[in-house]
Amino acid sequence: MRDKALSKNLLEWYDTHARILPWRVGPKEQATGVRPDPYAVWLSEVMLQQTTVAAVKDYFHRFTMRWPDIRALAAADDDEVMAQWAGLGYYARARNLLKCARTVAASGGRFPDTRAALQELPGIGPYTSAAIAAIAFDRAEPVVDGNVERVMARLFAIETPLPKAKPELTAHAAALTPGHRPGDYAQAVMDLGATVCTPKSPACGICPWRGPCAARARGAQTDLPRKIRKPPKPTRHGIVYIGRRMDGAWLLERRPASGLLGGMLGWPGSMGGETPASAPPAPGPWRPLGAEVRHTFTHFHLRLEVQVASLSQNTTPERGFFLDRQAFAPGTLPTVMRKAFGLAATCWTVEETRDLPLK
DNA sequence: TACTCGTGGGG
DNA sequence: TCCCCAAGAGT
């Protein structure tokens with residue numbers, strides 16, 4: 001009964017405070033019978049994994065314009081999908097996105113409508129399966145992401161640090177999940193966490209749950225959820241070779257399908273920790289730029305030496321391949337590779353590089 | 001279980 | 001500047 005009052009309270013807050021998001025069907029539209037498109041829900045949820053709403057918006061627009069439904073995406077060219085995902089990070093998501101699209105398309109073109117069946121698909125785990133089941137199929141599945149963990153930890157003043165507290169927080173989230181409008185409720189808790197119950201300086205004064213919040217009652221809201229401090233990131237050193245043939249073609253390589261930047265286009269070289277230390281991918285007058293790219297990944301800092309060369313027209317690369325200047329766009333590279341290109345591009349004249357398309 | 005896997009913004 | 005963090009999943 002208390003749980004029911006809480007979820008009802010939050011749904012009322014959501015009715016007037018729901019954010020307008022490109023992939024969202026708001027409460028007013030749903031009242032008129034409009035239902036969310038499972039394809040759009042799935043695509044947005046995968047993009048939003050560990051990624052901010054602001055970063056996702058443009059990518060979501062580009063993907064849905066280019067591939068409006070699951071069949072279109074299933075038929076897409078792998079390299080083009082990876083190119084469109086470039087810059088968004090966690091590239092295994094893009095590879096799994098395609099696998100998932102092809103699996104769904106091959107079995108009739110409709111997403112399964114249960115959490116268990118959804119979770120069998122590539123790239124769909126405990127969170128995403130619950131989110132799709134709740135939002136697209138109106139199923140009362142508990143949706144637990146970082147927002148929900150934080151909100152539950154505060155609402156119930158859970159002192160156990162994450163990630164150990166996860167089962168406890170999930171149990172609270174499940175108990176609160178209503179049978180009515182579970183999709184709106186899931187989005188409501190996440191909106192609450194994203195806009196009110198924020199990690200730092202939460203806006204408790206305007207929170208619909210300020211009354212029942214146990215953390216606020218004891219003034220501990222900024223201390224929760226407790227977390228174990230992460231160890232410092234090591235620094236790795238790497239090198240990339242940026243070669244430009246006389247006709248303007250660039251020497252690139254397709255990275256291995258798994259591992260760091262897996263499946264993405266990039267400059268030949270080594271990213272530190274990859275074996276062995278890399279030799280130039282083709283014979284040529286390689287010279288260091290005298291400046292390094294600094295980039296931070298999830299678990300290490302990278303300092304990247306950049307070598308450049310103008311290569312003769314008959315160069316046969318030992319590694320990678322030449323991509324015509326018209327076919328190459330820096331925007332299709334992962335960010336760290338784009339940074340390296342930005343540094344190297346100053347070596348060639350404006351005349352030589354000005355026609356490069358951005359995307 | 002513990003690691004691996006991107007990127008950009010905010011404090 | 002540096003750390004935290006964001007609608008996590010795969011191995």
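Chain naming here is simple, since letters A, B, ... match the order of the sequence lines and numbering starts at 1 in each. Heavy-atom basis, side chains included; hydrogens, waters and symmetry copies ignored. What you are looking at is a predicted structure, and each value in this text was computed from that prediction instead of being measured.
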Inter-nucleotide C1' distance (dC5(B), dC5(C)), Å rounded:
16 Å
Among pairs that include at least one residue of residues 161-179 of chain A, which meet salt bridge (charged side-chain N to carboxylate O under 4.0 Å, His left out), considering only residues two or more places apart or in two chains?
E149(A)-K166(A)
For dG8(C), does OP1 or OP2 lie under 4.0 Å from any side-chain N or O of Q50(A)?
yes
Is a donor from one side chain sitting under 3.5 angstrom from an acceptor on the other, for S258(A) and R95(A)?
no
Can you confirm whether the side chains of R115(A) and S129(A) place a donor and an acceptor under 3.5 Å from each other?
yes
With a 4.0 Å cut-off, would you call R218(A) and D223(A) a salt bridge?
no
Determine whether a donor-acceptor pair (one donor, one acceptor, N or O, separation below 3.5 Å) exists between the side chain of T51(A) and the base of dG8(C).
no
Hey, does the side chain of Y90(A) come within less than 4.0 Å of dA6(C)'s phosphate (OP1/OP2), counting only N and O?
no
Could you give me the CA-CA distance, side-chain angles and deciding distance for R35(A) and Q30(A), then say whether side-chain hydrogen bond (donor to acceptor under 3.5 Å, both in side chains) is met?
CA-CA 6 Å; R35(A) 290 297 306 165; Q30(A) 289 197 54; 3.0 Å; yes
Would you mind classifying the nucleic acid contact of T298(A) as base, sugar-phosphate or nothing, using non-hydrogen atoms under 4.0 angstrom?
base
When rounded to the nearest Å, what value does the distance between C1' atoms of dG10(C) and dT1(B) take?
13 Å
Which atoms of nucleotides 2-5 of chain C (N or O only) lie under 3.5 Å from a protein N or O atom, and what are those distances?
{"from": "dC4(C)", "atom 1": "OP1", "to": "R229(A)", "atom 2": "NH1", "distance (Å)": "3.1"}

N147(A) and R150(A) side chains, donor-acceptor separation under 3.5 Å
yes
Euclidean distance for P, dG8(B) against dA9(C) (whole angstrom)
22 Å
Does F156(A) have any ring-ring contact (aromatic ring centres under 6.0 Å, His included) partners at least two apart in sequence or in another chain, and if so, which?
H172(A)
DNA chain C: 5'-proximal contact among A92(A) and R19(A) (nearest heavy atom):
R19(A)
Looking at R245(A) and D247(A), is any side-chain nitrogen of the basic one under 4.0 Å from a carboxylate oxygen of the acidic one?
yes
Does W23(A) reach a base, just sugar-phosphate, or nothing at all? Heavy atoms under 4.0 Å.
base
For F300(A) and for K339(A), find the nucleotide of DNA chain B with the closest heavy atom, then tell me which residue's nucleotide is more 5'.
F300(A)
Same-atom distance (C1') from dG6(B) to dC4(C), integer angstrom
15 Å
Report which part of the nucleic acid L21(A) touches: base, sugar-phosphate, or nothing (heavy-atom distance under 4.0 Å, all strands).
base
Map L333(A) and S201(A) onto DNA chain B by nearest heavy atom, then report which one ends up closer to the 5' terminus.
L333(A)
Nearest to the side chain of A194(A), which nucleotide is it out of dG8(C), dT7(B), dA7(C)?
dA7(C)
Within the 3.5 Å criterion, strictly below it, is a donor on Q49(A) or T128(A) matched to an acceptor on the partner's side chain?
yes
Lys/Arg N to Asp/Glu carboxylate O, D15(A) vs R181(A), below 4.0 Å:
yes
Quick one: is dT7(B) close enough that its OP1 or OP2 comes under 4.0 Å of any side-chain N or O from H295(A)?
yes
Residues, nucleotides or ligands: over 12 heavy atoms within 6.0 Å of K233(A) NZ
yes
Using a 4.0 Å cut-off on heavy atoms, which residues in residues 122-140 of chain A reach DNA chain C? List them by number, or say none.
P122(A), G123(A), I124(A), G125(A), P126(A), Y127(A), T128(A)
The side chain of T335(A) lies closest to which of these nucleotides: dA7(C), dC5(B), dG8(B)?
dG8(B)
Is the CZ atom of R110(A) crowded by more than 12 outside heavy atoms at less than 6.0 Å?
no
Sugar-phosphate, base or nothing in reach of G259(A), heavy atoms under 4.0 Å
sugar-phosphate
Please work out if L261(A) contacts a base, only the sugar-phosphate, or nothing of the nucleic acid, heavy-atom cut-off 4.0 Å.
sugar-phosphate
Who passes ring-ring contact (aromatic ring centres under 6.0 Å, His included) against F300(A), sequence neighbours left out?
F297(A)
Which residues in residues 160-185 of chain A have a heavy atom closer than 4.0 Å to any atom of DNA chain C?
none
